[in-house]
There are 2 protein chains.
Amino acid sequence: MTEQARPLRRIEIRQQNETLILQAAEKVFAEAGFGGATMQLIADMAGLPKANLHYYFATKEDLYRRVVQNIFEIWLHAADSMDKAPGPVEGIGAYIDAKMEISRRHPDGSKVWASEVMHGAPVIQDYLETTLRDWTTGRAELIRAWIKAGKMAPVDPEHLLYMLWATTQHYADFGHQIETLNGGKPLTNAQWQAAKDSVKSMILRGIGAV
Amino acid sequence: MTEQARPLRRIEIRQQNETLILQAAEKVFAEAGFGGATMQLIADMAGLPKANLHYYFATKEDLYRRVVQNIFEIWLHAADSMDKAPGPVEGIGAYIDAKMEISRRHPDGSKVWASEVMHGAPVIQDYLETTLRDWTTGRAELIRAWIKAGKMAPVDPEHLLYMLWATTQHYADFGHQIETLNGGKPLTNAQWQAAKDSVKSMILRGIGAV
DNA sequence: TCTTTTCCTGACCGTATGGTCAGGTTAAAC
DNA sequence: GTTTAACCTGACCATACGGTCAGGAAAAGA
């Protein structure tokens with residue numbers, strides 16, 4: 001016998017379906033890219049008729065935009081731990097931890113983000129020019145302060161940030177390659193921990209902060 | 001007056017057109033992804049009628065496969081400099097130089113490769129499992145030998161390689177983001193040199209090889 | 001010169017896709 | 001209980017895409 005569920009309230013319905021669609025969309029966009037993704041595939045994965053997607057999201061591009069924005073939020077919040085740190089060992093160490101955790105928990109989101117930027121950021125360009133640029137200059141200053149205080153070597157802050165982004169996101173974006181080189185098996189808990197430790201020790205030593 | 005050119009020979013025609021098509025395809029696949037690219041767009045960019053593409057390449061997927069294989073070749077040859085080096089400073093330094101140069105000269109190729117891997121390597125999976133795996137284990141052994149000889153710190157060779165790939169390719173795959181953060185302007189010669197130097201110094205110090 | 005082979009392309013085809021819409025169902029408001 | 005507004009969806013449409021093909025042009029070979 002199927003359970004006799006209480007009928008869902010309006011707001012619940014809306015939220016549940018939007019979440020369902022966004023999750024399915026993230027996966028399909030990550031696997032197929034924007035051009036290769038189809039509304040039908042997303043609908044099937046969400047378990048909803050295609051027309052219903054268009055009730056919640058007017059166009060494929062609207063849906064895609066929402067997916068990208070969601071990822072951007074997560075991306076930005078990863079830096080919170082960096083700010084209130086006394087020095088690079090704690091700050092950058094925590095940032096690496098946070099970004100590695102994102103790569104592990106949200107690999108699809110990371111891929112969609114990478115794809116969006118690779119294709120010239122057609123929908124997120126304004127964020128790059130405002131939010132991301134502000135974010136970057138802010139952290140660069142923080143790093144410069146650490147350098148001035150003698151807490152790390154005088155490296156170029158921008159290139160350090162690029163290195164942090166590249167290295168951590170690689171574990172999501174190129175996860176398939178890593179898995180293949182790992183004998184076709186996903187990284188275990190221990191291997192993820194080893195990856196984190198490797199990245200942290202190499203980068204922290206690389207910026208002279210040990 | 002247009003120049004009165006000698007009629008092209010068969011082989012020349014074939015080679016010229018294939019090159020033209022492959023160059024256009026690389027660009028379009030990089031900009032739009034496999035799903036977003038259209039044969040018409042590639043044809044227009046190559047200055048040939050669409051039907052002519054299908055004369056040289058049976059299907060869109062065939063054309064794509066050729067593009068990906070071309071990139072893989074370049075990718076592999078970048079490591080030649082690493083092998084005959086006496087130690088990590090020269091070997092890894094040269095490898096970083098080579099890969100940064102690829103990011104600069106072949107950003108489209110790098111993007112196509114990234115896209116292919118991100119989508120689960122549908123056409124290049126066998127290469128990952130054979131050529132790339134062999135390549136990787138070979139370099140990992142080389143790195144272990146350097147460690148054993150006391151020429152660098154005992155880092156995990158696999159994660160070091162991932163870091164090298166990630167960091168260098170970032171300048172191609174996320175070139176648009178870097179350009180945006182650089183005030184909307186492409187990196188100058190001097191900035192590329194600074195990027196190379198930054199990456200090299202951070203990584204070489206990070207593996208204790210200075 | 002004549003024949004053969006390769007190269008070339010406008011016109012065409014079947015299919016898949018993003019998006020629409022009329023009409024129905026269900027929760028909320030009164 | 002009745003009305004209203006939100007939610008839902010099967011059927012449909014216009015378009016764009018990958019791919020085909022018949023027939024012509026041009027180079028190579030005899």
Side-chain angles (χ1 to χ4, degrees), chain A residues 2-22 24-29 31-68 112 115 119 122-123, chain B residues 2-22 24-29 31-68 112 115 119 122-123:
Chain A
T2 56
E3 200 174 323
Q4 189 66 14
R6 168 179 64 80
L8 288 170
R9 286 204 226 105
R10 280 280 157 79
I11 302 175
E12 292 172 325
I13 293 177
R14 178 144 223 133
Q15 176 156 12
Q16 190 186 62
N17 283 346
E18 283 190 355
T19 305
L20 223 52
I21 294 168
L22 283 168
E26 181 176 291
K27 190 164 194 174
V28 173
F29 283 133
E31 282 171 1
F34 178 81
T38 71
M39 293 299 269
Q40 187 62 62
L41 215 70
I42 296 171
D44 291 348
M45 186 152 294
L48 295 170
K50 191 185 68 158
N52 206 352
L53 300 209
H54 281 103
Y55 176 73
Y56 286 103
F57 300 92
T59 67
K60 183 183 174 185
E61 203 177 315
D62 278 352
L63 176 54
Y64 174 75
R65 184 174 290 116
R66 281 285 301 274
V67 170
V68 173
V112 175
S115 195
H119 297 354
V123 319
Chain B
T2 57
E3 201 175 320
Q4 189 68 11
R6 166 181 63 82
L8 289 170
R9 285 203 230 107
R10 279 282 157 79
I11 302 175
E12 291 173 324
I13 291 177
R14 175 146 226 131
Q15 178 155 10
Q16 190 185 64
N17 283 345
E18 283 190 354
T19 304
L20 222 51
I21 293 167
L22 284 169
E26 181 176 291
K27 189 162 195 177
V28 173
F29 282 134
E31 282 171 0
F34 178 80
T38 71
M39 294 299 270
Q40 187 61 62
L41 214 70
I42 297 171
D44 292 347
M45 186 153 292
L48 296 171
K50 191 184 66 155
N52 207 352
L53 300 209
H54 282 103
Y55 175 75
Y56 286 103
F57 301 93
T59 66
K60 183 183 173 183
E61 202 177 314
D62 278 352
L63 177 53
Y64 174 74
R65 183 174 289 114
R66 281 285 301 274
V67 170
V68 173
V112 175
S115 196
H119 297 355
V123 320

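To find a chain, count down the sequence lines: A is the first, B the second, and so on, and within it residues start at 1.
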Minimal non-hydrogen separation, [X] against [Y], with atom names:
| X | Y | value |
| --- | --- | --- |
| V67(A) | A25(A) | CG2-CB, 3.9 Å |
| V28(A) | T38(A) | CG1-N, 4.4 Å |
| K60(A) | G35(A) | NZ-O, 3.9 Å |

Go through the N and O atoms of the side chain of R10(B) and the base of dA28(D), and report whether any donor-acceptor pair is under 3.5 Å. no

Between dG18(D) and K50(B), counting only base atoms on the nucleotide and side-chain atoms on the residue, is there a donor-acceptor pair under 3.5 Å? yes

Does A43(A) reach a base, just sugar-phosphate, or nothing at all? Heavy atoms under 4.0 Å. nothing

For Y56(A), answer base if it contacts any base atom (sugar-phosphate contacts may also be present), sugar-phosphate if it contacts only those atoms, and nothing otherwise; contact means non-hydrogen atoms under 4.0 Å. sugar-phosphate

Is the closest side-chain heavy-atom distance between V68(A) and F29(A) below 4.5 Å? no

Establish, with yes or no, whether the OP1 or OP2 oxygen of dC7(C) is under 4.0 angstrom from a side-chain nitrogen or oxygen of Y55(B). yes

Among [options], the nucleotide that comes nearest once only the side chain of [X] is considered:
| X | options | value |
| --- | --- | --- |
| K60(A) | dC7(D), dG19(D), dG19(C) | dG19(C) |
| A51(B) | dC8(D), dC21(C), dT9(C) | dT9(C) |
| M39(A) | dG18(C), dT9(D), dT9(C) | dG18(C) |
| T38(B) | dT20(C), dT6(C), dG18(D) | dG18(D) |

Roughly how many Å is it from [atom1] in [X] to [atom2] in [N], rounded to a whole number?
| X | N | atom1 | atom2 | result |
| --- | --- | --- | --- | --- |
| R14(A) | dA27(C) | CZ | P | 16 Å |
| N17(B) | dA26(D) | CG | P | 15 Å |
| L53(A) | dC7(D) | CG | C1' | 14 Å |
| H54(B) | dC17(D) | NE2 | C1' | 10 Å |
| L41(A) | dG18(C) | CG | C1' | 14 Å |
| N52(B) | dC8(C) | CG | C1' | 6 Å |
| D62(B) | dG19(D) | CG | P | 9 Å |
| Q40(B) | dG18(D) | CD | P | 9 Å |

Are there more than 12 heavy atoms of other residues, nucleotides or ligands under 6.0 Å from atom CD of E61(A)? no

